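Just so we're clear, the structure is a prediction, and the values are computed from it rather than from any experiment. In what follows, chains are A, B, ... by sequence order, proteins preceding strands, each numbered from 1.
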Protein chains: 2
Amino acid sequence: MKKLTRAELKSELMNAGIRPSVQRLAIYEFVRMSKAHPTAEVVYEALREELGSLSLTTVYNTLKLYTDAGLILTLNIDDGFLHYDGDTSLHAHFRCSSCGAIHDLAVKSDYSNWFEGSGDFSVTEAQLYLKGLCPKCKSCKN
Amino acid sequence: MKKLTRAELKSELMNAGIRPSVQRLAIYEFVRMSKAHPTAEVVYEALREELGSLSLTTVYNTLKLYTDAGLILTLNIDDGFLHYDGDTSLHAHFRCSSCGAIHDLAVKSDYSNWFEGSGDFSVTEAQLYLKGLCPKCKSCKN
DNA sequence: TTTATTTTTGTAATCGTTTCATTTTTATTT
DNA sequence: AAATAAAAATGAAACGATTACAAAAATAAA
């Protein structure tokens, strides 16, 4: 995973037919560079100072725009918030029921190998969500 | 999968330390027997006549009780509603983006075989959610 | 500049779910 | 059986993350 420059991120937006406004580029950069699967609120709080003005509605609108364009993933991992993931490559998500952190997990094969009858259903998206204790919380017993 | 009698369902509740009131048994029977992954609202509408009186709060409370007891599954498959599944055995869920129906899919192996690093994380629950077109909607192109 | 289009913004609304206090039902004790 | 205690059901109200909406600001086109 190579680090992307701001110019490259801008190109990705334009290639997707999305005009890279200041807000849009900042939001895209934040989500693409983050590994913490931030919520809209987190994105908003992280960028409002840097941008001077920013509205939570813009954050939601923009994240939806990117999701529909296939640039990012929207995760619904059942903690009451939508989370956003700038990494669209195949991987699973683990949420720690103790600390709430969401971790990426490498999967061993494509999802089409996981279940039967793949021919009958036309699968466009697959999400594997795992729950339990992360290594840190497991050892601390908290 | 053998059909369960009402007496057997009652025993399952009692074995879980749950007192089988009229409402509880009716809700449990409905969810255990259904293959449609109903929402709380669906359960409520299906049983309110039969029971004479029933409140939506009771349905929510009871379904939460069963989920915490491990008797049923709560599915958060990202359509704005929580769905409930009386089948707790290992299987994946497919939601059709056209008709909204949720289908069960048999999986080829235990989830622990799907991802790397299973030793580091203590996994207590796994859900594989798939999205796309179901066979019917696929053929009808609607 | 004028005009049209796109994007951002703040407020208000949405609505599935939860909280809470009260009532009803069920179990236990006297 | 009556009295008491405990559990469950109920309806109304609250919650809160997300979305809808209309106005304002920014950008592009003429």
Show your working on side chain to side chain contact (heavy atoms under 4.5 Å, CB included) between A:T74 and A:Y84 and close with a plain yes or no.
CA-CA 5 Å; A:T74 298; A:Y84 300 91; 3.4 Å; yes

Would you say the side-chain atoms of [X] pair up with the backbone N or O of [Y], donor to acceptor, closer than 3.5 Å?
| X | Y | answer |
| --- | --- | --- |
| A:N113 | A:S109 | no |
| A:H37 | A:I102 | yes |
| A:Y66 | A:R24 | yes |
| A:E8 | A:T5 | yes |
| B:T124 | A:K131 | yes |
| A:S97 | A:G132 | yes |

Annotated protein contacts, base or backbone, on nucleotides 14-21 of chain D with a non-hydrogen cut-off under 4.0 Å, one of B, S, - each:
---SSBB-

How would you summarise protein contacts on nucleotides 24-30 of chain D per nucleotide, using B for base, S for sugar-phosphate only and - for none, with heavy-atom distances below 4.0 Å?
----S--

Counter-base of C:dT9, judged by Watson-Crick or G-U geometry with both distances under 3.5 Å
D:dA22

For C:dT30, give the paired nucleotide (Watson-Crick: N1-N3 plus N6-O4 or O6-N4; G-U: N1-O2 and O6-N3; both under 3.5 Å), or none.
D:dA1

I need the B:M33 CE to B:L4 CG distance, nearest 0.5 Å.
4.5 Å

B:L25 CG to B:T62 OG1 distance, which is reported to the nearest 0.5 Å:
11.5 Å

Regarding A:T58, tell me which of base, sugar-phosphate or nothing describes its non-hydrogen contacts under 4.0 Å with the strands shown.
base

Report yes if the distance between the aromatic ring centroids of A:H103 and B:F121 is under 6.0 Å, otherwise no.
yes

Please identify the 5'-most and 3'-most nucleotides of DNA chain C with any atom under 4.0 angstrom from a heavy atom of chain A.
C:dT6 to C:dT11

Starting from C1' on D:dA9, measure out to CZ on B:R24 and report it in whole angstrom.
9 Å

With a 4.0 Å cut-off, would you call A:E116 and B:K108 a salt bridge?
no

Under-4.0 Å side-chain N/O to phosphate OP1/OP2 contact, B:S53 with D:dT10:
yes

